[in-house]
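One structure is given here, and the rest of the page talks about it.
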Amino acid sequence: MSEVLRVDGLKRTFVQGDARIEVLRGVDLAVTPGEIVALLGPSGSGKSTLLQAVGLLEGGFEGSIQIAGEEAASLKDVDRTRVRRDTLGFVYQFHHLLPDFNALENVILPQLVRGVSRADAAERGKSLLGALGLAERLTHRPSKLSGGEQQRVAVARALANRPALVLADEPTGNLDEATADVVFAEFLRLVRDEGSAALVATHNERIAAKMDRVLRLHEGKIE
Ligand code: ADP
Ligand code: MG
């Protein structure tokens with residue numbers, strides 16, 4: 001299997017009263033292992049809709065999504081959960097860390113869910129957080145971290161289970177420009193070091209240009 005993600009003819013239409021909004025009108029794309037791909041488009045172009053479909057978070061679409069060779073539409077619930085847990089990592093615009101757990105615990109938890117021992121999960125968590133410059137922040141709760149630090153923890157959590165594919169939806173979109181550039185550079189370096197592939201939604205040309213390849217979403221299709 002040569003692709004970690006393959007999308008063919010993906011369509012998604014939202015019905016609002018009498019109006020039909022055709023957000024995705026036949027998206028085709030592929031991501032190979034280790035490749036970091038930008039999904040570039042203005043606000044409202046359907047980036048989040050596409051990532052939600054690829055993240056197996058939403059049904060209601062037409063077309064084919066294959067993740068590491070497995071066809072999404074034919075997965076049972078239990079298998080969809082397995083693919084999400086074992087193959088995908090997620091980073092959102094807002095960190096979505098668990099507020100009652102500290103930074104390290106937030107990175108340990110998804111590993112425990114996967115059956116990793118607590119000691120191994122802690123070691124991995126410390127290593128990832130250390131690589132992101134957070135060695136001195138392990139026991140801080142999210143509310144005691146800056147916005148950039150919160151997103152770094154979210155990045156460490158997304159990579160904790162060594163996902164083949166990271167899905168990131170405007171991962172630095174809530175940060176000021178200078179912080180966004182630093183956090184995004186660290187995200188790229190760590191994803192590359194880990195050997196994961198990534199599909200990263202952004203409306204920012206400058207951030208998109210830092211990736212291996214840029215896909216432009218325009219009028220519901222990849223240009
Ligand atoms: P982006 O992430 O590129 O900003 P989105 O995927 O969030 O774009 O949204 C694309 C379009 O789909 C927008 O016009 C939005 O209003 C519409 N949309 C998204 N989700 C829904 C929904 N659940 N119901 C109706 N319309 C939606
Ligand atoms: Mg969006």
Side-chain angles (χ1 to χ4, degrees), residues 4-31 35-67 72-73 77 80 83-84 88-97 142 147-148 150-155 157-159 163 165-177 179-181 183-185 187-188 191 196-223:
V4 68
L5 173 66
R6 179 167 195 98
V7 173
D8 289 296
L10 188 71
K11 294 185 184 172
R12 181 73 161 102
T13 300
F14 294 112
V15 180
Q16 287 277 35
D18 290 343
R20 288 169 56 85
I21 312 170
E22 294 182 5
V23 177
L24 304 178
R25 301 167 176 236
V27 167
D28 304 317
L29 64 88
V31 178
E35 192 183 25
I36 299 178
V37 177
L39 178 65
L40 181 66
S43 177
S45 58
K47 303 182 297 296
S48 294
T49 302
L50 176 52
L51 284 189
Q52 277 165 17
V54 170
L56 312 181
L57 288 162
E58 274 209 32
F61 55 82
E62 284 174 54
S64 164
I65 296 173
Q66 285 181 35
I67 296 172
D77 282 353
R80 193 171 302 120
V83 170
R84 284 174 49 78
L88 300 177
F90 297 88
V91 186
Y92 303 97
Q93 185 167 349
F94 182 71
H95 59 78
H96 293 299
L97 297 171
Q150 290 167 344
Q151 279 310 84
R152 288 181 175 91
V153 177
V155 167
R157 177 186 55 184
L159 289 166
L165 176 64
V166 176
L167 301 174
D169 194 351
E170 313 246 15
T172 56
N174 271 348
L175 306 175
D176 65 77
E177 196 170 308
T179 307
D181 280 353
V183 172
F184 195 74
F187 167 81
L188 277 185
V191 170
S196 293
L199 181 62
V200 184
T202 181
H203 62 268
N204 184 320
E205 297 262 359
R206 197 168 38 84
I207 282 183
K210 295 176 180 169
M211 293 182 243
D212 299 335
R213 189 153 61 89
V214 180
L215 302 175
R216 286 169 196 272
L217 191 54
H218 180 67
E219 296 188 344
K221 293 187 177 183
I222 303 294
E223 280 186 336

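From a predicted model like this one, the values you see are computed outputs, not experimental measurements. Both counts, for ligands and for their atoms, begin at 1 and track the order of listing. If you read the sequence from its start, that first residue is 1, and numbering goes on from there.
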- request: Output the distance between atom CD1 (I65) and atom CG (L50), rounded to the nearest 0.5 Å.
  value: 7.5 Å
- line: Here the gap from T179 atom OG1 to R152 atom CZ, rounded to the nearest 0.5 Å, amounts to 8.0 Å
- prompt: How far is atom 13 (C) of ligand 1 from its nearest protein heavy atom, and which residue and atom is that?
  reply: G44 O, 3.9 Å
- prompt: Pick from T172, D169, N174: which one makes a side-chain hydrogen bond (donor to acceptor under 3.5 Å, both in side chains) with Q93?
  reply: N174
query: List-wise, which protein N, O or S atoms are found short of 2.8 Å from the Mg ion (ligand 2)?
result: S48 OG
message: Has E62 got a side-chain atom pairing as donor or acceptor with G9's backbone, closer than 3.5 angstrom?
response: no
- line: Which of I36, L51, V4 passes side-chain contact (heavy atoms from CB on, under 4.5 Å) with L199? It is L51
field: Ligand-side contact atoms (ligand 1) for residue partner S43, heavy atom cut-off under 4.0 Å
entry: 4 (O)
Location of contacts on H203 toward ligand 1, heavy atoms closer than 4.0 Å: neither
Flag: protein heavy atom within less than 4.0 Å of atom 16 (O) of ligand 1: no
task: Please say whether G46 places an N or O atom under 3.5 Å from an N or O atom belonging to ligand 1.
output: yes
query: Is the count of non-hydrogen atoms from other residues, nucleotides or ligands lying under 6.0 Å from K11 atom NZ greater than 12?
result: no
- prompt: Which residue owns the protein heavy atom closest to atom 7 (O) of ligand 1, what's the atom, and how far is it?
  reply: S48 CB, 3.7 Å
Contact with ligand 1 for P42, non-hydrogen, under 4.0 angstrom: yes
- prompt: Angle class for the Y92/H96 ring planes (parallel below 30°, perpendicular above 60°, tilted otherwise)?
  reply: perpendicular
query: For the atom pair CG (L165) and CD1 (I67), what is the distance rounded to the nearest 0.5 Å?
result: 7.0 Å
message: Just to check, does S45 reach to within less than 4.0 Å of ligand 1 when the distance is taken from its heavy atoms?
response: yes
task: Among all protein heavy atoms, pick the one closest to atom 6 (O) of ligand 1 and tell me residue, atom and distance.
output: T49 OG1, 2.6 Å
message: Under 4.0 Å from atom 11 (C) of ligand 1, is there at least one protein heavy atom?
response: yes
Candidate pair V200 and L39, rule side chain to side chain contact (heavy atoms under 4.5 Å, CB included), full reasoning: CA-CA 6 Å; V200 184; L39 178 65; over 6 Å; no
query: For atom 23 (N) of ligand 1, which protein heavy atom lies nearest, and how many Å away is it?
result: F14 CE2, 3.6 Å
task: Quick one: pull up CZ in F184 and CD in E177 and give me the separation to the nearest 0.5 Å.
output: 13.5 Å
message: Just verifying a value: how many Å separate R216 CZ and E205 CD, rounded to the nearest 0.5 Å?
response: 4.5 Å
